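Here the structure is a predicted model, which means the values were calculated and not measured.
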Amino acid sequence: VSDALAFFTEEYEVNEGIALFGKPWISLVDGVCMGGGIGLSLHNGPRVVSEHALLAMPETAIALFPDVGTSHILPHLPGRLGIWLALTGARLSGADSVHVGLATHYVLRENFPALRAALVETGDAAVVERFAAPLPEASFEAHRGTIERCFAKPTVLEIIAALEAEGTEWALAQVKILRRMSPTSLSVSLELLKRGAAMNLRGCLDEELKLTRTVVHDHPDFREGVRSVLVDKDGAPNWTPKTLEEVDPAAVLSL
């Protein structure tokens with residue numbers, strides 16, 4: 001337990017250090033950037049992504065929660081996009097990550113070497129602008145209304161009910177995704193983002209660290225999620241409790 005707590009404590013200190021760093025922290029993302037990688041790139045800028053970038057916070061699949069300071073960032077994305085990303089673990093292309101506000105610039109992979117050279121030569125983060133490519137339309141744009149309507153609901157069960165009421169193929173696909181996730185993790189994550197909306201980064205990191213003590217160490221779902229997704233890779237987690245309907249709201253609020 002002490003080793004895990006020390007890990008999270010140091011990780012979150014690094015996240016805050018990046019945010020407070022007095023110079024631009026330039027991130028060039030040309031592949032998979034999830035979880036801890038988001039924490040290393042998100043809190044400063046510019047944040048440059050290519051057409052090969054893939055960004056996500058997939059923590060609910062392993063019964064964790066959006067951490068590394070994203071409980072501060074996600075609630076402040078436009079509309080309810082942050083809630084959707086946090087609960088479903090939706091994976092964003094490079095262009096999509098700019099559309100939602102996780103990244104700042106879209107640069108084609110073929111131009112990354114020239115961009116790096118220009119940054120080294122000039123030491124000026126503003127040169128990123130010279131390499132920015134036009135953004136294609138967001139892949140989720142057609143579903144934006146559904147996201148705004150459904151993920152504004154105050155509980156996960158109400159979000160699911162709203163998605164089911166929409167009845168579209170995309171909405172029902174989101175229901176299936178949510179039903180696969182840890183019920184406790186979904187409930188904790190939604191509550192965390194509600195709190196995070198009113199906190200600064202330091203407050204959110206403190207809240208996340210507090211949650212690691214209970215969610216990671218005391219609740220069986222985290223170990224089960226890691227087993228299912230990362231160890232055995234059987235995609236058949238045995239959650240406790242098994243369904244959202246069985247989650248005790250009072251227990252979530254007490255975490």
Q.
Looking at L102, is its backbone amide N or carbonyl O close enough to the side chain of S97 to form a donor-acceptor pair, meaning the two atoms are under 3.5 Å apart?
A. no
Q) By ring-ring contact (aromatic ring centres under 6.0 Å, His included), which residues pair with H72, not counting sequence neighbours? A) H76
Q: Go through the steps for T88 and L85 under the test side chain to side chain contact (heavy atoms under 4.5 Å, CB included), then give the verdict.
A: CA-CA 6 Å; T88 65; L85 295 173; 5.7 Å; no
Q | From N111 atom CG to S50 atom OG, the distance as rounded to the nearest 0.5 Å | A | 10.5 Å
Q: Give a yes or no answer on whether the side chain of H219 reaches the backbone of T240 with a donor-acceptor pair at less than 3.5 Å.
A: yes
Q.
If we ignore hydrogens and angles and just use 3.5 Å, is the side chain of E224 paired with the main-chain N or O of N238 as donor and acceptor?
A. yes
Q) Within the side chain of K153, is there an N or O that forms a donor-acceptor pair under 3.5 Å with the backbone of A161? A) no
Q | ring-ring contact (aromatic ring centres under 6.0 Å, His included) partners for F222, two or more places apart | A | none
(Q) Quick one, L92 and V100 - any side-chain contact, counting heavy atoms below 4.5 Å? (A) yes
**Q.** Path from L172 to M181 over hydrophobic side-chain contacts below 4.5 Å
**A.** no
Q: Please examine the side chains of S93 and D96, heavy atoms only from C-beta on, and report whether any two atoms are closer than 4.5 Å.
A: yes
Q: To the nearest 0.5 Å, tell me how far F8 CZ sits from D3 CG.
A: 12.0 Å
(Q) Any side-chain to backbone donor/acceptor pair from T104 onto R47? Under 3.5 Å, distance only. (A) yes
Q. Roughly how far, to the nearest 0.5 Å, is OG of S189 from CG of L64?
A. 7.5 Å
Q. S27 versus P46: any side-chain heavy-atom pair under 4.5 Å?
A. no
**Q.** In one Ile/Leu/Val/Met/Phe/Trp/Tyr side-chain cluster, 4.5 Å: L230, V68
**A.** yes
Q. Does any N or O in the side chain of T168 come within less than 3.5 Å of the main-chain N or O of A171, such that one atom is a donor and the other an acceptor?
A. yes
Q: Supply the atom-to-atom distance T146 OG1 to R80 CZ, rounded to the nearest 0.5 angstrom.
A: 14.5 Å
Q | Any pair counted as ring-ring contact (aromatic ring centres under 6.0 Å, His included), so long as it reaches residues 118-140, sequence neighbours left out | A | W84-F140
Q: May I have all residue pairs that pass salt bridge (charged side-chain N to carboxylate O under 4.0 Å, His left out) and include part of residues 30-41, sequence neighbours excluded?
A: D30-R109
Q.
If hydrophobic residues (ILVMFWY) are linked whenever their side-chain heavy atoms come closer than 4.5 Å, directly or via other members, who joins V14 in its cluster?
A. I18, F21, W25, L40
Q) Taking atom CD1 of I147 and atom CG of L81, what is their separation to the nearest 0.5 Å? A) 5.5 Å
Q. So, are D234 and R227 salt-bridged, with charged N and O less than 4.0 Å apart?
A. yes
Q) Between S185 and V215, is a side chain to side chain contact (heavy atoms under 4.5 Å, CB included) present by the stated rule, with each step listed? A) CA-CA 8 Å; S185 177; V215 173; over 6 Å; no
Q) Going only through I, L, V, M, F, W and Y residues with side-chain contacts under 4.5 Å, is there a path from W170 to L87? A) yes
Q | Common cluster, W239/I62, ILVMFWY with side-chain heavy-atom separation under 4.5 Å | A | no
(Q) Are L157 and I159 packed together at the side-chain level, in the sense that at least one heavy-atom pair is separated by less than 4.5 angstrom? (A) no
Q: Provide the closest heavy-atom pair for L163 versus Q174 in the form atom of the first, atom of the second, distance.
A: CD1-CB, 3.8 Å
Q. Judged by atom type as modelled, is there a donor-acceptor pair below 3.5 Å linking the side chain of H99 to the main-chain atoms of S139?
A. no
**Q.** Non-neighbouring partners of E245 that pass salt bridge (Lys or Arg N to Asp or Glu O under 4.0 Å), sequence neighbours left out
**A.** R179
**Q.** V107 side chain near L28 side chain, heavy-atom distance below 4.5 Å
**A.** no
Q: Applying salt bridge (Lys or Arg N to Asp or Glu O under 4.0 Å), name anything that partners E207, two or more places apart in sequence or on another chain.
A: R195, K210
Q.
Do L209 and L205 have side chains that approach each other closer than 4.5 Å (heavy atoms only, starting at C-beta)?
A. no
Q | Minimum-distance pair of heavy atoms, taken over all atoms of M57 and P66 | A | CE-CA, 4.0 Å
Q: Taking all non-hydrogen atoms of both residues into account, name the closest pair between A86 and L74 and its distance.
A: CB-CD1, 3.9 Å
Q | Any donor-acceptor N/O pair, E141 side chain to A138 backbone, under 3.5 Å | A | no
Q: Quick one: closest heavy-atom pair of D221 and S182, and the distance?
A: OD2-OG, 2.8 Å
Q.
H105: which residues meet the ring-ring contact (aromatic ring centres under 6.0 Å, His included) condition with it, sequence neighbours left out?
A. none
Q: May I ask whether L55 and L77 are part of the same hydrophobic cluster, defined by side-chain heavy atoms of I, L, V, M, F, W, Y residues being less than 4.5 angstrom apart, directly or through others?
A: yes
Q.
Measuring from atom CG of L186 to atom CD1 of I177, what distance do you get when rounded to the nearest 0.5 angstrom?
A. 11.0 Å
Q | Under 3.5 Å donor-acceptor, N15 side chain and G39 backbone | A | yes
**Q.** Residues, nucleotides or ligands: over 12 heavy atoms within 6.0 Å of R91 CZ
**A.** no
Q. Where do I160 and L244 come nearest, in terms of heavy atoms and distance?
A. CD1-CD1, 3.4 Å
Q. Where do L193 and P75 come nearest, in terms of heavy atoms and distance?
A. O-CG, 3.4 Å
**Q.** Residues in salt bridge (Lys or Arg N to Asp or Glu O under 4.0 Å) contact with E158, at least two apart in sequence or another chain
**A.** none
Q) Does the side chain of Y12 pick up a donor-acceptor pair with the side chain of D67 at under 3.5 Å? A) yes
Q) L54: which other cluster members, linking ILVMFWY side chains closer than 4.5 Å, directly or transitively? A) V32, M34
(Q) For a side chain to side chain contact (heavy atoms under 4.5 Å, CB included) check, start with the C-alpha distance between I73 and H43, then their side-chain angles and the critical distance, and finish with the verdict. (A) CA-CA 8 Å; I73 300 296; H43 298 296; 4.0 Å; yes
Q. Got a donor-acceptor contact below 3.5 angstrom from the S228 side chain to the G225 backbone?
A. no
Q | Any Y106 side-chain heavy atom under 4.5 Å of V48 side chain | A | no
Q) Does any non-hydrogen side-chain atom of E59 lie less than 4.5 Å from one of F65? A) no
Q | Contacts of E51 that satisfy salt bridge (Lys or Arg N to Asp or Glu O under 4.0 Å) - sequence neighbours left out | A | none
Donor-acceptor contacts, no H, no angles, side chain residues 112-127, under 3.5 Å, sequence neighbours left out:
from : atom 1 : to   : atom 2 : distance (Å)
T122 : OG1    : A118 : O      : 2.8
T122 : OG1    : D124 : N      : 3.1
D124 : OD1    : A126 : N      : 3.0

